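Please read the structure below before turning to the comments.
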Amino acid sequence: MTFGERGESAKAWREGRTLAEIKALRREEAERSAATLGAEVRFFDAGDYPLAVTPELTDRLVEVYRATQPDVVLTHPVEDPYNGDHPAANRMALEARVLAQAIGYPGEGEIIGAPPVFYFEPHQPEMSGFRPEVLLDITEGWETKRKAMECLAAQRHLWDYYTDLAVRRGVQLRRNAGPLGLAHRTMAEAYMRPYPQIAKELA
């Protein structure tokens, strides 16, 4: 939605960079990070601090949903007292997901199903009402994730934070992994789910 050009680029502002230079810097960071993950990133350049919830942005998200037909949606939690842009992004992500399912809603592309939604963990989880409802083992891909984080120089203060958090969530995952547990040192991520999990009855 944004480059984080105002709210998450303090170092660049202190260096006397212009808005255009900061946007270009953050774009390059994001592209290198996405390439490390083997992902593609699309930029809306909607502006931050504040990020305004608008019908136009929501429509653009509907188009993305219909074009990509996502298997899963990841977004911010509903609450974040430290960054109002995050709940704004959440509202548009959820609304666009519903609208993209509506056959009568105008727009290009085929309607989508109901991809499950997960809220990823913010760096102030206790203040954002975050509960670790889903624990995902990321041990195999941890080194790649760390390299992707290290592409984001503007968020250097979070590299070690999320490394330590992955260790803690890994301990929790092992504790909840059943009677056999996990033998290796586990790295994990936590997520919340705003909608019920669907399961099939076992035969």
Side-chain angles (χ1 to χ4, degrees), residues 1-17 19 21-43 48-51 72-90 93 117-177 181-194:
M1 294 295 246
T2 83
F3 293 112
E5 64 270 18
R6 298 188 187 278
E8 297 180 339
S9 303
K11 183 175 182 289
W13 284 107
R14 292 191 185 103
E15 291 172 351
R17 308 234 186 179
L19 179 60
E21 288 173 334
I22 293 171
K23 283 186 176 183
L25 182 67
R26 295 304 307 275
R27 182 187 188 106
E28 192 270 338
E29 287 181 1
E31 288 176 335
R32 283 195 295 114
S33 182
T36 300
L37 297 171
E40 175 189 351
V41 58
R42 300 184 187 186
F43 300 97
D48 69 333
Y49 275 54
L51 170 63
V72 63
V73 173
L74 301 176
T75 187
H76 295 276
V78 174
E79 303 174 44
D80 190 336
Y82 296 99
N83 191 332
D85 291 356
H86 295 169
N90 168 282
V117 177
F118 296 90
Y119 297 162
F120 47 77
E121 184 163 10
H123 68 276
Q124 299 281 358
E126 299 85 356
M127 299 300 296
S128 300
F130 184 86
R131 301 183 308 277
E133 297 171 337
V134 177
L135 295 170
L136 176 67
D137 186 342
I138 61 169
T139 308
E140 185 175 339
W142 168 252
E143 293 301 324
T144 301
K145 175 174 178 169
R146 175 71 195 214
K147 289 176 183 175
M149 286 195 296
E150 290 175 357
C151 294
L152 305 174
Q155 296 181 326
R156 187 183 185 99
H157 61 291
L158 295 177
W159 298 354
D160 288 341
Y161 173 85
Y162 277 110
T163 298
D164 294 340
L165 182 60
V167 172
R168 292 197 301 276
R169 293 306 186 198
V171 171
Q172 294 171 346
L173 187 149
R174 291 182 64 178
R175 177 67 179 82
N176 290 278
L182 297 170
H184 56 75
R185 179 176 185 266
T186 308
M187 305 293 276
E189 292 174 338
Y191 299 89
M192 284 181 66
R193 293 203 63 166

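For clarity, every value in this text was computed on a predicted model and none was experimentally measured.
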Under the side chain to side chain contact (heavy atoms under 4.5 Å, CB included) rule, what do R6 and I22 come out as? Steps first, then yes or no, please. CA-CA 9 Å; R6 298 188 187 278; I22 293 171; over 6 Å; no
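- With sequence neighbours excluded, the residues forming a ring-ring contact (aromatic ring centres under 6.0 Å, His included) with H86 are H76, listed by chain and number.
- Shortest non-hydrogen contact noted between R146 and W159 is NH1-O, 3.3 Å.
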Residue pair Y49, T2: steps toward the side chain to side chain contact (heavy atoms under 4.5 Å, CB included) verdict: CA-CA 10 Å; Y49 275 54; T2 83; over 6 Å; no
With side chain to side chain contact (heavy atoms under 4.5 Å, CB included) as the test, would you mind laying out the steps for T75 and Y119 before giving the verdict? CA-CA 5 Å; T75 187; Y119 297 162; 3.7 Å; yes
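- In summary, the side chains of R175 and Q172 do not present any donor paired with an acceptor at a separation below 3.5 Å, with no hydrogens or angles considered.
- Residues passing the salt bridge (Lys or Arg N to Asp or Glu O under 4.0 Å) test with E140, sequence neighbours excluded: none.
- Across S33 and A148, no two heavy atoms sit closer than the pair OG-O, 3.0 Å.
- Here D137 does not pair with R174 in a salt bridge; the nearest charged N to carboxylate O distance is not below 4.0 Å.
- In terms of heavy-atom proximity, E121 sits nearest to A190 at OE1-CB, 3.5 Å.
- The minimum heavy-atom distance between P125 and Y161, with the atom names listed, is CD-OH, 3.6 Å.
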Begin with the C-alpha distance, continue with both residues' side-chain angles, and end with the deciding distance and a verdict on side chain to side chain contact (heavy atoms under 4.5 Å, CB included) for V171 and R168. CA-CA 5 Å; V171 171; R168 292 197 301 276; 5.7 Å; no
